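Here the structure is a predicted model, which means the values were calculated and not measured. In what follows, chains are A, B, ... by sequence order, proteins preceding strands, each numbered from 1.
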Amino acid sequence: MSNLSETAEKVAQGPTLNVAPSPHVADTSFTTRRMMTDVLIGLTPLVAMSVFMFRWLAVQQIAVCVVACLASEAVFVSMRGKKITLNDCSAAVTGLILALSLPATAPWYVGCLASVVAMGIGKIIFGGLGMNIFNPAMVGRAFVMIAFASLMGAGAYENPASAIDAISQATPLTALKGSGISTSIFNLFFGFTNGSLGETSALAALIGGIFLCIRRTASWEIPVGVIACVALLAGLADLSAGANGHLLLHHLFGGALLFGAFFIATDPVSSPLTPRGKFIFGAGVGAFIMIIRLFSGYPEGVMFAILLMNAVTPLINRWTIPRPMGDA
Amino acid sequence: MERLEIMGIFGSKEFPGTGSFPHGIHPPGNKFYSAGAQVEVITVPDKVVLPLLQHIGAPCEPVVKPRQTVACGEMVGEGQAFVSASLHTPVAGKVKKIGVVTLPNGRHLPAIEIKTEGEQQPCNELWEEMTSTDWSLSTIPDYSPDEIARLIHAAGIVGLGGAAFPTHVKVMPNDKRLIDSLLVNGCECEPYLTCDYRLMKEAPHAIVAGALLAGRAVSAKEIFICIEDNKPEAIEALELATRNTVVQVAVVRTKYPQGSEKQLVKAVLNLDVPLGGLPSDVGVALSNVGTMAAVARAVIKKGPLTHRIVSVTGGGIVTPKNIFTPIGISMGELIDFCGGLTEDAARIIAGGPMMGFAFSDLTTPVTKGTSGITILTHAETASGEETACVRCGRCVEACPMNLVPTRLAMAARYKNTALARQYNINACFECGSCTYVCPANIKLVQLIRTGKAQVAAAMKR
């Protein structure tokens, strides 16, 4: 009995004992912040490749977008009277993805404005992290693509006077669409071509993307859906154009397809919740990409495809409510 | 080496299921604290406090008065309703008063307090009886199913796994719902807890005898004792004890919540318990290994349920132990028996960390459903600030019922009962897997509980 009161006394004194509802333990190894830093780590091969290809232009673009995104998140969040949450790293992810989706030659104010729109209209206006319908980076990019059509269009990528080799040529998809010139698959795969900063190297996107899927930060169902659908439709296009497999590989490795499939479409906020929904989402992105690439005036369609499917996400969530275990 | 043997056992499985169920999580087991601690017997306490409701169902009625003397094992509360269980005193002594007590689950209940007096039956005698290998299995056919059910009822047995459902209701012979299989649940998937593990290792023969009796009561055609593959020594002990009997050992994957009844039925028998239904709807009866040992004692030795094993474990206790203890003893006495709390003890939980209830009143008595006391340190309970849901879907991947926890939590937050029902909120059995995995630290299962209450209130209206 005396022992009992001793422990009871200790409990009464100790301010450290607490009660709370179950569960009393949590997996602390995986947090929102960890997810975001995973994406930053996954993007490093793309960043490295972009710096290798576009040198100083890449460094500049990335710095502008990341800083502008962090600053605009801070400003907009405080305008809404909320606590600033830069430490979850989500604004840095948006900035980096946005930078990698822009052409190297886009002037600094393009990146800056794209960042402001991405954070302000793409994200904070909906209520901040987790509440946005559309991928913020793609909203920002869509805005500058229309506002600065000449600085962002296919022509913007070509600068024959540039000191950097890659920028003197058209992007592979523009060359294919406009002039029927196809780039060598070797160059396409390794990324020795022109294009947006992060889209040139299929290999870098695969390395970073597979890392994200293994970490389960990205859901593999989405890139698999995108790639499978693009492969199918590009395969059909290939068949109708002579079936040498070249066109198929061109569509798979060219443009922002792999970058978009692994890093942009997998944004958890604007993609569906269930595995089945994620696959449908991915397949939809793939289908829109191929429709735009094959039939529109644009050589590339990843951004529009993702934005379109973002809009369908709430519907996909509704269609794919899983059946609970034991439901007949 | 050991690992290979286990895989060998798993490879030779002879049950229709795959040994697993879809989804679920893998929290660190942390069984090492107490898994190696042989069951110790505590001395007879100075007093016991016996709450009149220690099970799911109706409370029992007191049949003793203050100042009345009672003998060991005498009935002090009678379960008169069908879903109710009687209560017996583990000590001899004098009834002091019928007071009230608040259990860790928040229920405020009348309780009989008995002060120990006179000659006692030492707890170690009971434990020796339990661990003996002589359970005369040959006499089992002499008991009729009705007699077994009657003796289980008389002994006041409830499920010892935690939910505490009166066992006689489960084994009552029923013409409408025929039982094909009896699953004896030895999974103990809650992290930290080891009371079932120690019982399987130290008293396998009692479990087998109880399983045969319960199987006979429900006329089961097959009996499986289900054990997770992280308990090789328990598997071995039961493989030996079940030799030459119809009882089979089913080794299942280590996963949380493998011990949940619907998930276990899926893993072992590959049957889906219908939504809102019971395992008996697909011809299955389930019961915990500790319950089976209690059944063996009730039928063969005619002893009531007065004692059980409680694991006292976690980083916050000086010496983690498994204790054979009288029901009604205070939690504080068990903690003292284990050397007390450590400096950094932060939370005391009745049960395991996934589904147990935190409490702070150490005079709280041990009840029939108390499987353990888990004492966590600050480091073990560490959980960060809640951040925004990024809809990553990890809760969807974790949910063993294939629900969408994030949607259910949102429905609860915005009091949208229609949305909650559309997403099948009532199928949630609150295992806590979603909260465990949530990277944003959102208290999903806690919100879902609120949502279930909202749905219930809306239905009533």
Are the side chains of [X] and [Y] in touch, meaning some heavy atoms are under 4.5 Å apart?
| X | Y | value |
| --- | --- | --- |
| A:P23 | B:T435 | yes |
| B:Y423 | A:I321 | yes |
| A:P21 | B:R449 | yes |

Measure from the side-chain N and O atoms of A:D327 to the backbone N and O of B:L275, and report whether any donor-acceptor pair falls under 3.5 Å.
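Checking the backbone N and O of B:L275 against the side chain of A:D327, no donor-acceptor pair under 3.5 Å is found.
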Which of the residues [options] is involved in the greatest number of heavy-atom pairs with chain A at under 4.5 angstrom?
| options | answer |
| --- | --- |
| B:G393, B:P353, B:G432 | B:P353 |
| B:G356, B:C399, B:G277, B:C395 | B:G356 |
| B:V396, B:V390, B:L271 | B:V390 |
| B:K262, B:K443, B:K266, B:H378 | B:H378 |

Under 4.5 Å from any heavy atom of chain A - which part of [X]:
| X | answer |
| --- | --- |
| B:A440 | both |
| B:P274 | both |
| B:E380 | backbone |
| B:T374 | neither |
| B:T381 | both |
| B:E385 | side chain |
| B:E430 | neither |
| B:H23 | neither |
| B:P400 | backbone |

For chain B, which candidate among A:G326, A:A20, A:S22, A:S219 shows the most heavy-atom pairs at distances under 4.5 Å?
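When all of A:G326, A:A20, A:S22, A:S219 are compared, A:S22 has the most.
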Shortest non-hydrogen contact from [X] to [Y]?
| X | Y | answer |
| --- | --- | --- |
| B:R347 | A:L17 | N-CD2, 3.8 Å |
| A:V25 | B:M354 | CG2-SD, 3.8 Å |
| A:T32 | B:A388 | OG1-O, 4.3 Å |
| B:C392 | A:K278 | O-NZ, 3.1 Å |

Nearest 0.5 Å, what's the [atom1]-[atom2] distance between [X] and [Y]?
| X | Y | atom1 | atom2 | result |
| --- | --- | --- | --- | --- |
| B:R394 | A:D27 | CZ | CG | 7.0 Å |
| A:H24 | B:M355 | NE2 | CE | 10.5 Å |
| A:R323 | B:N402 | CZ | CG | 9.5 Å |
| B:R407 | A:N317 | CZ | CG | 5.0 Å |

Which answer fits A:D88, side chain, backbone, both or neither, if we ask what part of it has an atom under 4.5 Å from a heavy atom of chain B?
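Contact with chain B involves no heavy atom of A:D88 at all.
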Contact class of A:R34 relative to chain B, heavy atoms under 4.5 angstrom
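The answer is neither part of A:R34.
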Of all the residues in residues 258-274 of chain A, which have a heavy atom that comes within less than 4.5 Å of a heavy atom in chain B?
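A:P268, A:V269, A:L273, A:T274, listed by number.
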